[in-house]
Number of protein chains: 4
Amino acid sequence: MIIELDLQSDTPIYTQLMNQIIEGIASGRLQPGEPLPSVRSLAADIGINLHTVNKAYTLLKQEGFIQIHRQKGVVVQPDALPGMTSDYAHRRDAQLRPIIAEAICRGMNEQQLLAVVHDLYSHITTNERKDAP
Amino acid sequence: MIIELDLQSDTPIYTQLMNQIIEGIASGRLQPGEPLPSVRSLAADIGINLHTVNKAYTLLKQEGFIQIHRQKGVVVQPDALPGMTSDYAHRRDAQLRPIIAEAICRGMNEQQLLAVVHDLYSHITTNERKDAP
Amino acid sequence: MIIELDLQSDTPIYTQLMNQIIEGIASGRLQPGEPLPSVRSLAADIGINLHTVNKAYTLLKQEGFIQIHRQKGVVVQPDALPGMTSDYAHRRDAQLRPIIAEAICRGMNEQQLLAVVHDLYSHITTNERKDAP
Amino acid sequence: MIIELDLQSDTPIYTQLMNQIIEGIASGRLQPGEPLPSVRSLAADIGINLHTVNKAYTLLKQEGFIQIHRQKGVVVQPDALPGMTSDYAHRRDAQLRPIIAEAICRGMNEQQLLAVVHDLYSHITTNERKDAP
DNA sequence: GTGGTCTAGACCACT
DNA sequence: GTGGTCTAGACCACT
């Protein structure tokens, strides 16, 4: 899987890395049980600090998206993925809320906003590369 | 308008403040041309530092949501609000993308996700208090 | 003479007022010896504070662009205008310098910059309204 | 690069700092991709507060003259510099206009004014020290 | 070590 | 009284 980072972004690198892996899982490009590169090799591949990869992996493990085995290495969660806890629902709404509010201010009506969400949803699930649409 | 901040949150206070004001505008609770409290009085009201309010106001001004008149104070943008630039569209998509990806991982299908967006959209535009839903 | 102020600009109103009057003189729309409105009437006309007009007039007088007579009121300097002191030359260069530096950074070559200055010079001296070009 | 500030000037320190850096880029003394001192070290070097440097850097970043990498520090924009947007052209003209008007009032003809601009342009691009001319 | 955020407190320009 | 600027000092996230 190709990881694309923007080192100038003000989104922390470990967050970008987490997002890329989560999107990989969402799209099916990363299958349950599929091995991920080791902390060391991934850090070397994309030219970032070991600690940064480690932080991303640790958080992904905490949230249940991956498993880290001392010997076998890192794999995409082979069992049930996290699911829709109410904690998650609150966090999701808190993230969406300001985005939707800004969209309204900028003149998007509900149809337009739903269309954008639909497009992104389709785009992710149809397994295309990030830069495709 | 009631401002609700979570000082424990890892979202910076000035960002929360910006979001609250943007949502106020989106909901119609803040009308174009309506005066906002001065930097000092708002800071005193919500018990934070004047500079933090100033930063939020300055950024909102830069993005075109409010106007700052040197001595008259601050008002909600009375002229055209920012609008849908392509810069904005990219930023919006970049914000939505990881949220949607995580929703997919957690088993939300498209209908459920659109329903969540619909609810939040309606909720904001029907001018309810934040804690209502 | 029509005064155009931008109350939202971060240029102080008194400075804008000074600039408008200086440009009026430069263009010939304001002739030497020509009377200017009183502080009171100008403030009323353009809807700003007395003190603001007063400050602009006082500074213009200090710099020699106008005369203020207790009885006769305010007139455009009927005698020699300020002239090119070395103080002025330094101030002018200090003002131009950062503008030129930014123009260079943004890719303007010398011809383009000189053309812009030429256009503005012609524009002012041909006595057109501000929004003409 | 040597930074020269006038703490007595009524031009804010952060503006002077921005101007010096922009002129450094214009002159070629600061090359694309070249690192700039950290907020803290520059503040210490020139004896001003860290926040003042931070403000200058943040604004330069917003205008696209520099990049700020979270931990690696600050570099001169290695990619394309801002360029000539119409926003910029308007701002530039608005800055030049009162300067030109005053020059006219003080008796400069167009040749003289163009000569001054030419001299400053050459002076900046020939990479001389500020106090040279 | 780097920038980001926040506080507390001060003085100033503008109106 | 308003926002703008500056200082001093602190803690934090990130790498």
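Numbered from 1 within each chain, the chains take letters A, B, ... in sequence-line order.
- One interatomic measurement links the two molecules: CG of Leu7(A) to C1' of dT2(E), which rounds to 15 Å at whole-angstrom precision.
- Here the CD1 atom belonging to Ile66(C) is positioned 9.5 Å from the CG atom belonging to Leu59(C), to the nearest 0.5 angstrom.
- Within 4.0 Å of Ile13(B), counting heavy atoms only, lie sugar-phosphate atoms of the nucleic acid but no base atom.
- Nearer to the 5' terminus of DNA chain E, by closest-nucleotide assignment, is the contact made by Thr11(B) (compared with the other of Thr11(B) and Ile48(C)).
- The side chain of Pro12(A) lies closest to dC14(F) when the candidates are dC14(F), dC6(E), dT2(E).
- Remark: the backbone N or O of Asp6(D) is paired with a side-chain donor or acceptor of Gln16(D) at under 3.5 angstrom.
- A straight line from CG of Leu59(A) to C1' of dT15(F) spans 15 Å, rounded to a whole angstrom.
- Among the atoms of the strands shown, base atoms are found under 4.0 Å from some heavy atom of Asn54(D).
- Between Leu30(C) and the choices Ile22(C), Val75(C), Ile25(C), the side chain to side chain contact (heavy atoms under 4.5 Å, CB included) rule is met once, by Ile25(C).
- Taking atom CD1 of Ile68(B) as the reference point, atom P of dC14(E) lies 17 Å away to the nearest angstrom.
- With a cut-off of 3.5 Å on both pairing distances, the Watson-Crick or G-U wobble partner of dT5(E) is dA10(F).
- Rounded to a whole Å, the CG atom of Asp10(C) is 17 Å from the P atom of dA13(E).
- A close approach under 4.0 Å does not occur between any side-chain nitrogen or oxygen of Lys55(D) and OP1 or OP2 of dC6(F).
- Dashed line: the shortest gap from a side-chain N or O of Thr52(B) to OP1 or OP2 of dT5(E) is not under 4.0 Å.
- In this structure, His69(D) places its NE2 atom 12 Å from P of dG4(E), rounding to the nearest Å.
- The pair Glu102(A)-Arg92(B) does not count as a salt bridge, with every side-chain nitrogen at least 4.0 angstrom from each carboxylate oxygen.
- The nearest whole Å value for the distance from the CD atom in Gln62(B) to the P atom in dG4(F) is 11 Å.
- Nucleic acid contact for Lys72(D): none, since no nucleic acid atom lies under 4.0 Å from a heavy atom of the residue.
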Q: Applying side chain to side chain contact (heavy atoms under 4.5 Å, CB included), run through Ile99(C) and Ile99(D) and close with a yes or a no.
A: CA-CA 11 Å; Ile99(C) 300 172; Ile99(D) 300 172; 3.5 Å; yes

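- For Leu5(A) and dT15(F), the CG to C1' distance is 13 Å, given to the nearest whole Å.
- If you check dT5(E), dG3(E), dG3(F) against the side chain of Tyr14(B), the one that comes closest is dT5(E).
- Within 3.5 Å, a donor on the side chain of Arg40(B) pairs with an acceptor on the base of dG3(F), or the reverse.
- The distance from the CZ atom of Arg40(C) to the CG atom of Leu50(C) is 5.5 Å, given to the nearest 0.5 Å.
- Atom-to-atom, CD1 of Ile46(A) to C1' of dT15(F) comes out at 13 Å; the value is rounded to the nearest Å.
- Positionally, the nearest nucleotide of DNA chain F for Gly73(B) lies more toward the 5' end than for the other of Gly47(D) and Gly73(B).
- Counting non-hydrogen atoms under 4.0 angstrom, Leu50(B) reaches nothing in the nucleic acid.
- Asn49(D) comes within contact range of at least one nucleobase, with a heavy-atom separation under 4.0 Å.
- Between the base of dC6(F) and the side chain of His51(B) there is a donor-acceptor pair shorter than 3.5 Å.
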